J.: 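I'd like to ask some things about the structure below.
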Amino acid sequence: VLGHTRVDEDLLQDLEEILLESDVGVSVSEEVIDHLRKKAKAAQLSPEDIPEEMGNYLEGYLGEGTPIRLERGKFNVVMVVGVNGTGKTTTVGKLANRFQAEGFKPLIAAADTFRAAAIEQLEIWGKRADVPVIRHKEGGDSAAVVFDSIKAGQARGADVLLIDTAGRLHNKANLMSELEKIRRIVDREAPDAYHEVLLVLDATTGQNGLKQAEVFKEIVKLTGVVLTKLDGTAKGGVIFSIARDLGIPVKAIGLGEKLEDLKDFNPKLFVKALFG
Amino acid sequence: SLSEKIQAVFKKLRNQGKITEESLQEALREVRRALLEADVNLGVVKEFITRIKEKALGQDVLESLTPGQQVVKIVHEELINLLGGTREPLATGSPAVILMVGLQGSGKTTTSAKLALHLKKQGHSPLLVAADIYRPAAIKQLQVLGKQIGVPVFALEDEKPLEIVRQALEQGGHDTLIVDTAGRLHIDEALMGELHGLKETFKPQEILLVVDAMTGQDAVKMSEAFNQTLGLSGVILTKMDGDTRGGAAMSVRKVTGCPIKFVAAGEKLDALEPFHPDRIATRILG
Ligand SMILES: Nc1nc2c(ncn2[C@@H]2O[C@H](COP(=O)(O)OP(=O)(O)OP(=O)(O)O)[C@@H](O)[C@H]2O)c(=O)[nH]1
Ligand SMILES: Nc1nc2c(ncn2[C@@H]2O[C@H](COP(=O)(O)OP(=O)(O)OP(=O)(O)O)[C@@H](O)[C@H]2O)c(=O)[nH]1
Ligand SMILES: [Mg+2]
Ligand SMILES: [Mg+2]
């Protein structure tokens, strides 16, 4: 905006580049710039009006911040899903810690029975959060872990079950059907529970993030996204397409590798950070 | 597909009876769009388009009977050139030290084991070195993988990476050390300093940046930073068994000038293949 005396194509192109470089993607970027171009003409905007206009329009995609809201006095099931390495296990540790601090009685299900030392990794997080972890042995059946964990949770009076699942690429049909099976078990064994199914998405991910959300939504009916690694330099702009095309809100963000590095998603701050 | 879109641009303009520089511009806009949708970094895209335009005009594409085909051919060739070139083997030494670096979750630990298996199959005697002292159960993870492939893993309790690598080197009996390091942000000065220290002390024969193929625009910032701090010798692209277009490959290659030495396409430890620029080019172009 600085250095432009009027809202012309040069300014609009500069703004479009900021969006593209934030992984907002071609489609949404074009939509935003089209809106600014029309509005600038209709309302005779000057360059100083643009940041607020663009900020408001971008916030429009994201709606009001929707936090992860568990129901007190009920059994809650929070399952994390996503492709490999995005931060699911770490996020489960953070969530367990948060729920504990909020006065819930959490339990963790170690349903990644495949990856080397996945169970040990989760057990360390469980210790840090002071939350018990239900586990079988490595190579076991992940659906069986989930079944046992629901039973254990109900028996112990736990009020939130956190399920850590194995990372899986959404184009692997057999892995996605394993996840579907887990979802069915949760629906069947805890039909009255409040369900939160969170896609854990790495902020460094580009446009493939939209594809991930599409496929995971189809298979396990996502209720939200946790956007991780926002403490890096990546902006996570793919969430605009995820909101626009799939209606899935970002509910929390990961800001580091420690237990407390999880925050509620704040759309205003997120949009502000795009130009920061 | 992109080539269909480019052909369509010229067909439409031919039907209007004129192929001008404007039609080339329109074709180039399709190329730009395709590359951005494939996650190629914006700056890299702009430079690439400029090159394509120069070549197209230089080859009198507009005079050709099949300008669309010509442009597609130039785009493909330029992309393959950029992704480059000869198959470079891993450096050797006595022993060779290979440092695996990259952002959190990119696939370093898994790829370290894959590399160890690859070298073992070639008749080498690799040693895996567990230098990630931060991530919960990172050492255990490498030990489990090492056991799966019959490659020893060197690990020390309560020691810093510098001391771990030093003692690993004192082991002897291995012609290659593969050092798995903790994932880190390129903006984390302390952790980047730790890697710099490892480089200065041990002068590794290879410093390989492990990059997740689904990385978006940030690929340029982070690979540039790793390269500036460490002087990378190569790149390994992981999770190529996904359906991401993989534009990060083009960005990282352009910005660091480093060869992409391997492509990892699967969670199993034999899922490591040499880099094929033509295949990646086709995938990026969609
Ligand atoms: N900087 C940063 N690193 C993170 C964040 N969340 C997770 N990580 C790191 O990312 C890496 C991968 O985290 P995991 O929790 O193992 O990811 P995952 O999705 O469970 O991985 P898989 O189970 O193998 O698919 C670890 O090094 C974490 O410490 C975050 O918000 N910021
Ligand atoms: N599908 C697929 N998964 C992969 C590939 N490479 C690694 N992974 C998976 O990606 C996840 C992260 O791999 P790691 O090796 O733990 O990654 P890392 O870079 O060591 O992670 P940090 O040490 O936390 O930074 C694991 O679930 C791996 O199994 C690949 O080529 N394809
Ligand atoms: Mg995990
Ligand atoms: Mg690792």
Side-chain angles (χ1 to χ4, degrees), chain A residues 16-27 29-30 83-90 93 114-125 127-128 138 166-172 175 202-209 211-212 215 228-229 231-238 254 256-257, chain B residues 32-34 36-43 45-46 103-110 113 134-148 182-188 211-222 225 238-239 241-248 266-267 269:
Chain A
E16 187 175 37
E17 297 199 348
I18 294 177
L19 294 176
L20 290 170
E21 289 182 317
S22 305
D23 286 315
V24 172
V26 175
S27 176
S29 300
E30 282 181 350
V83 304
N84 308 70
T86 57
K88 297 177 293 300
T89 302
T90 307
F114 167 72
R115 208 210 67 213
I119 297 171
E120 284 85 342
Q121 180 189 9
L122 188 57
E123 284 183 313
I124 292 172
W125 280 110
K127 278 219 163 42
R128 288 178 179 180
E138 190 169 304
R168 69 201 68 220
L169 294 180
H170 50 287
N171 57 325
K172 308 252 165 122
L175 298 182
D202 188 327
T204 64
T205 305
Q207 298 310 299
N208 194 248
K211 195 81 199 296
Q212 292 172 26
V215 177
T228 61
K229 308 178 196 172
D231 46 320
T233 52
K235 302 287 185 172
V238 71
E257 301 184 76
Chain B
R32 171 190 153 105
R33 187 188 192 95
L36 288 173
E37 286 175 340
D39 290 325
V40 182
N41 178 269
L42 179 64
V45 173
K46 286 201 218 171
L103 295 178
Q104 289 89 346
S106 58
K108 297 174 293 300
T109 303
T110 309
Y134 309 103
R135 170 173 154 153
I139 296 174
K140 185 83 207 290
Q141 182 185 6
L142 194 62
Q143 287 172 328
V144 170
L145 296 179
K147 195 137 185 260
Q148 287 176 9
R184 68 204 61 215
L185 297 177
H186 49 290
I187 52 172
D188 186 325
V211 180
D212 190 324
M214 64 187 87
T215 308
Q217 296 292 309
D218 198 52
V220 158
K221 270 211 196 78
M222 75 91 174
T238 63
K239 307 177 203 171
D241 46 324
D243 58 11
T244 188
R245 295 266 291 274
E267 284 191 86
L269 297 181

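Just so it is clear, the structure is predicted and the values come from calculations on it, not from any experiment. In what follows, chains are A, B, ... by sequence order, proteins preceding strands, each numbered from 1.
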J.: Would a 4.5 Å heavy-atom cut-off, applied to side chains only, mark A/Glu138 and B/Val144 as touching?
T.: yes
J.: CE/B/Met222 to OG1/A/Thr233 distance, rounded to the nearest 0.5 angstrom?
T.: 9.0 Å
J.: Can you tell me how far the CD atom of B/Gln104 sits from the NZ atom of A/Lys229, to the nearest 0.5 Å?
T.: 6.5 Å
J.: Checking heavy atoms, do the side chain of B/Lys46, its backbone, both or neither come under 4.5 Å from chain A?
T.: side chain
J.: What are the two closest non-hydrogen atoms of B/Gln217 and A/Glu21, and how far apart are they?
T.: CB-O, 3.3 Å
J.: Going by the rule side-chain hydrogen bond (donor to acceptor under 3.5 Å, both in side chains), which residues pair with A/Glu16 if we only count those two or more places apart in sequence or in a different chain?
T.: none
J.: Check whether any side-chain heavy atom of A/Glu120 lies under 4.5 Å from a side-chain heavy atom of B/Gln141, and answer yes or no.
T.: no
J.: Which atoms of B/Arg245 come close to chain A, meaning under 4.5 Å heavy atom to heavy atom: side chain ones, backbone ones, both, or neither?
T.: neither
J.: Given side chains that start at C-beta, do those of A/Lys235 and B/Asp218 come closer than 4.5 Å, heavy atoms only?
T.: no
J.: Is any NZ, NE, NH1 or NH2 atom of the basic residue among A/Glu123 and B/Lys140 found under 4.0 Å from an Asp or Glu carboxylate oxygen of the other?
T.: no
J.: What part of B/Leu103 lies closer than 4.5 angstrom to a heavy atom of chain A: side chain, backbone, both or neither?
T.: side chain
J.: To the nearest 0.5 Å, tell me how far A/His170 NE2 sits from B/Asp243 CG.
T.: 3.5 Å
J.: Under 4.0 Å between a side-chain nitrogen and a carboxylate oxygen: does that hold for B/Glu267 and A/Lys172?
T.: no
J.: Taking all non-hydrogen atoms of both residues, which atom of B/Arg135 and which atom of A/Gln121 are closest, and how far apart?
T.: NH2-OE1, 3.4 Å
J.: Side chain, backbone, both or neither: which part of A/Val83 has a heavy atom under 4.5 Å from chain B?
T.: side chain
J.: Check side-chain hydrogen bond (donor to acceptor under 3.5 Å, both in side chains) between B/Asp39 and all other residues, then give those that pass, not counting sequence neighbours.
T.: none
J.: Do B/Met214 and A/Lys211 come close enough that some side-chain heavy atom pair is under 4.5 Å?
T.: no
J.: What part of B/Asp241 gets within 4.5 angstrom of chain A, counting heavy atoms only: side chain, backbone, both, or neither?
T.: both
J.: Which heavy atom of B/Lys239 sits nearest a heavy atom of A/Leu169, and at what distance?
T.: O-CD1, 4.4 Å
